[in-house]
**Student:** 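Take this structure, written in structure tokens, and hold onto it; I'll ask about it next.
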Amino acid sequence: MTDNNHGALTIFEPQNVQTLTRLAPQSYKENLVSHSRCIEAGKSLLERVGREGMSDALDMEIAAYIEKAKATVRKLNGKRTPVTQLFDQIRKAYIAMENDVDPSKTTSVPGQLQAHRNAYAQKKYEEEERRRREEAARLAKENAINRYRADVEEDYGRQFNTLVNNSINTLTELDRQTTLDNHAATCASLRNYSCELPDTWCQTVTSGALRPAGLSPDECRAIQANVMAGLVRRFKEQYAFEVTTTRDDILDRMPSKKKELERMAKASADEAAKIKSQLEAKEREEAARKDAERTEREKQEAAAAKLASEKQEMDGLFGAPVAVPVNYQPKTQVKKKVVVETPDDIMAIVAFWWSQVGSTLSMEELTKEFKKQITFANTAANSKNNPMFISNVRYDDEIKAR
């Protein structure tokens with residue numbers, strides 16, 4: 001900053017200001033005269049070309065005039081240089097002062113401070129992104145656990161209902177197969193039938209629920225064990241109630257059934273068939289009623305399980321409190337920035353630009369946009385040692401008089 005101030009003071013020293021005041025008007029006046037004379041001479045030649053057309057003599061005159069015009073350019077440049085150099089130095093002094101305090105300049109003091117802010121903001125942003133990802137992963141795993149627990153519980157419920165139905169079907173089949181000959185044995189079998197849920201079933205049953213990708217086999221086994229631990233008491237009570245109720249209902253009907261069987265044995269064939277048909281119809285009606293009750297109960301249990309599962313999922317999505325950053329967060333602006341690592345990346349960017357913008361531009365705009373590349377193509381075509389041309393592109397000869 002001190003050097004820039006010193007430079008500005010030097011530029012505005014009295015002798016420099018006097019030089020500028022003395023040279024500027026005089027050089028401008030002299031250049032204006034040279035400019036006017038050159039233009040007038042050139043217009044005169046243009047008028048002759050218009051009247052006479054080009055000829056060898058006129059071409060030589062114009063060639064001589066063009067050499068004088070080149071000399072005039074050098075003369076004008078020489079006279080204005082001392083003046084414009086001072087202006088350039090003044091402009092540079094002003095620009096240098098602006099650059100010293102411009103935060104967009106990396107070498108300025110504000111620019112260096114901005115770089116520190118950028119680095120700090122990036123660090124804070126990455127920390128927040130990492131925290132957000134960790135929280136999202138935690139919530140995703142929590143939701144996966146809740147969904148899996150609900151699926152396991154539903155699956156255990158289905159398997160339990162199957163077990164209950166199998167036991168009831170066994171008792172019903174004993175009832176259906178009862179005759180006068182095996183009546184006593186059937187009653188004994190019914191009284192001795194276990195109405196308790198086998199402990200081995202709770203210990204060996206496994207869930208067929210689909211394992212989520214985010215949970216390990218060990219985690220799934222632990223969840224299954226935890227779910228079963230929460231269900232085993234209800235399962236035992238429900239199993240005992242369902243099986244005991246069915247068994248006791250059958251035992252209660254056994255005396256009346258024995259009488260019906262005895263009537264069948266004493267009745268004629270037609271009467272026995274009629275009694276048997278009535279007995280079977282009554283048994284089917286009772287079995288259907290029991291099945292309907294069980295089916296309705298299972299539907300209610302499935303609906304309750306589904307509702308609980310959906311509630312858990314909704315709680316996972318919307319019930320969790322939103323984490324609010326408590327620490328200071330600098331204001332940041334996050335923008336994507338292309339990272340060019342290979343020449344193929346450049347080609348991909350050019351192709352993308354062409355598809356989005358280039359294909360919509362006029363020839364004039366495209367020519368201006370690709371001025372550097374067109375110049376390179378011209379240089380390659382005019383190489384004396386190894387001229388190169390682009391296939392399917394037209395080349396014209398440009399002729400200049402020298």
Side-chain angles (χ1 to χ4, degrees), residues 152-209 224-305:
V152 168
E153 184 169 346
E154 184 179 357
D155 183 56
Y156 279 158
R158 284 194 297 267
Q159 294 189 59
F160 172 76
N161 289 332
T162 300
L163 179 67
V164 171
N165 290 335
N166 289 340
S167 296
I168 291 174
N169 290 338
T170 299
L171 293 172
T172 302
E173 186 63 19
L174 281 173
D175 183 23
R176 194 179 68 82
Q177 295 291 342
T178 301
T179 64
L180 276 177
D181 295 332
N182 66 12
H183 183 274
T186 299
C187 290
S189 297
L190 288 169
R191 282 191 289 270
N192 293 329
Y193 192 86
S194 175
C195 296
E196 294 183 1
L197 179 68
D199 290 332
T200 54
W201 184 84
C202 297
Q203 295 166 1
T204 59
V205 67
T206 58
S207 174
Q224 291 179 22
N226 183 263
V227 170
M228 178 54 72
L231 293 174
V232 65
R233 179 177 177 180
R234 177 168 71 83
F235 281 172
K236 286 185 175 182
E237 291 176 354
Q238 186 175 344
Y239 184 88
F241 172 79
E242 297 279 1
V243 177
T244 300
T245 300
T246 301
R247 184 199 63 178
D248 291 348
D249 285 346
I250 295 174
L251 281 173
D252 289 343
R253 293 197 309 272
M254 276 297 160
S256 62
K257 185 167 186 176
K258 183 178 180 182
K259 292 180 180 179
E260 295 294 331
L261 292 172
E262 290 173 345
R263 282 178 58 203
M264 289 170 55
K266 296 175 182 178
S268 63
D270 291 342
E271 184 66 22
K274 183 178 178 181
I275 295 171
K276 181 179 180 182
S277 177
Q278 292 173 347
L279 185 60
E280 289 177 348
K282 187 183 296 185
E283 289 175 350
R284 284 195 301 270
E285 183 180 343
E286 181 66 17
R289 185 181 66 81
K290 293 284 187 182
D291 285 342
E293 290 177 356
R294 285 199 305 272
T295 301
E296 181 61 26
R297 187 161 51 249
E298 290 173 7
K299 285 182 179 179
Q300 292 176 357
E301 291 174 357

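Reckoned from all heavy atoms, side chains included, excluding hydrogens, waters and symmetry mates.
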**Student:** Picking from E153, M228, R158, Q224, what satisfies side chain to side chain contact (heavy atoms under 4.5 Å, CB included) with S207?
**Tutor:**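 Checked E153, M228, R158, Q224 against S207; only one passes side chain to side chain contact (heavy atoms under 4.5 Å, CB included): Q224.
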**Student:** Start with the C-alpha gap between Q238 and V164, add the side-chain angles, then the distance that decides, and say whether side-chain contact (heavy atoms from CB on, under 4.5 Å) holds.
**Tutor:** CA-CA 9 Å; Q238 186 175 344; V164 171; 5.8 Å; no
**Student:** Classify the side-chain pair N182/T179 by whether it contains a donor and acceptor separated by less than 3.5 Å.
**Tutor:**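 Yes, T179 and N182 have a side-chain donor paired with an acceptor closer than 3.5 Å.
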**Student:** Give me the atom names and distance for the closest heavy-atom approach of I250 to T172.
**Tutor:**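 Scanning both residues, the minimum pair turns out to be CD1-N, 4.1 Å.
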**Student:** Calculate, to the nearest 0.5 Å, the distance between atoms CZ and SG belonging to R233 and C202 respectively.
**Tutor:**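 With rounding to 0.5 Å, CZ (R233) is 14.0 Å from SG (C202).
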**Student:** A side-chain contact here means heavy atoms from C-beta on lying under 4.5 Å apart; do V243 and Y193 qualify?
**Tutor:**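 They are in side-chain contact.
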**Student:** Compare all side-chain heavy atoms of T245 with those of D249 and state whether any distance is below 4.5 angstrom.
**Tutor:**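 Side-chain contact under 4.5 Å: yes.
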**Student:** So, do Q177 and T186 sit near enough that their side-chain heavy atoms are less than 4.5 Å apart?
**Tutor:**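 Not touching, per the 4.5 Å side-chain cut-off.
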**Student:** Within the distance-only criterion (no hydrogens, no angle test), does the side chain of Q159 pair as donor or acceptor with the backbone N or O of T206 below 3.5 angstrom?
**Tutor:**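 Yes: the side chain of Q159 pairs with the backbone of T206.
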**Student:** Show the numbers, then the answer: is there a side-chain contact (heavy atoms from CB on, under 4.5 Å) between V227 and E154?
**Tutor:** CA-CA 10 Å; V227 170; E154 184 179 357; over 6 Å; no
**Student:** Quick one: pull up CD1 in I168 and OG1 in T246 and give me the separation to the nearest 0.5 Å.
**Tutor:**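 So the gap between those two atoms works out to 4.0 Å.
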**Student:** Any donor and acceptor pair, going by atom type alone, linking the side chain of K257 with main-chain N or O of D175 inside 3.5 Å?
**Tutor:**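 The answer is yes, because a donor-acceptor pair under 3.5 Å joins these two groups.
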**Student:** Looking only at heavy atoms, what is the nearest atom pair of H183 and K258, with distance?
**Tutor:**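 So the two residues come closest at NE2-CB, 3.5 Å.
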**Student:** Output, in order, the C-alpha distance, side-chain angles, deciding distance and verdict of side-chain contact (heavy atoms from CB on, under 4.5 Å) for S256 and E260.
**Tutor:** CA-CA 6 Å; S256 62; E260 295 294 331; 5.5 Å; no
**Student:** First locate atom CG of D252, then atom CZ of R247, and finally report the distance between them rounded to the nearest 0.5 Å.
**Tutor:**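 Reported to 0.5 Å precision, the distance equals 10.0 Å.
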**Student:** Could you tell me whether R176 and E173 make a salt bridge, using a distance below 4.0 angstrom between a side-chain N and a carboxylate O?
**Tutor:**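 Salt bridge: yes.
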**Student:** In terms of relative ring orientation, are W201 and F235 parallel, tilted or perpendicular, with 30° and 60° separating the classes?
**Tutor:**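 Answer is perpendicular, since the angle exceeds 60°.
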**Student:** Measuring from atom CG of L197 to atom NZ of K236, what distance do you get when rounded to the nearest 0.5 angstrom?
**Tutor:**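 Rounded to the nearest 0.5 Å, the CG-NZ separation comes out at 7.0 Å.
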**Student:** Nearest 0.5 Å please: distance from the CG atom of N166 over to the CG atom of N161.
**Tutor:**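 So the gap between those two atoms works out to 11.0 Å.
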**Student:** Rounded to the nearest 0.5 Å, what's the gap from CG on L174 to CG on N169? Could you check?
**Tutor:**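 L174 CG to N169 CG: 11.0 Å, rounded to 0.5 Å.
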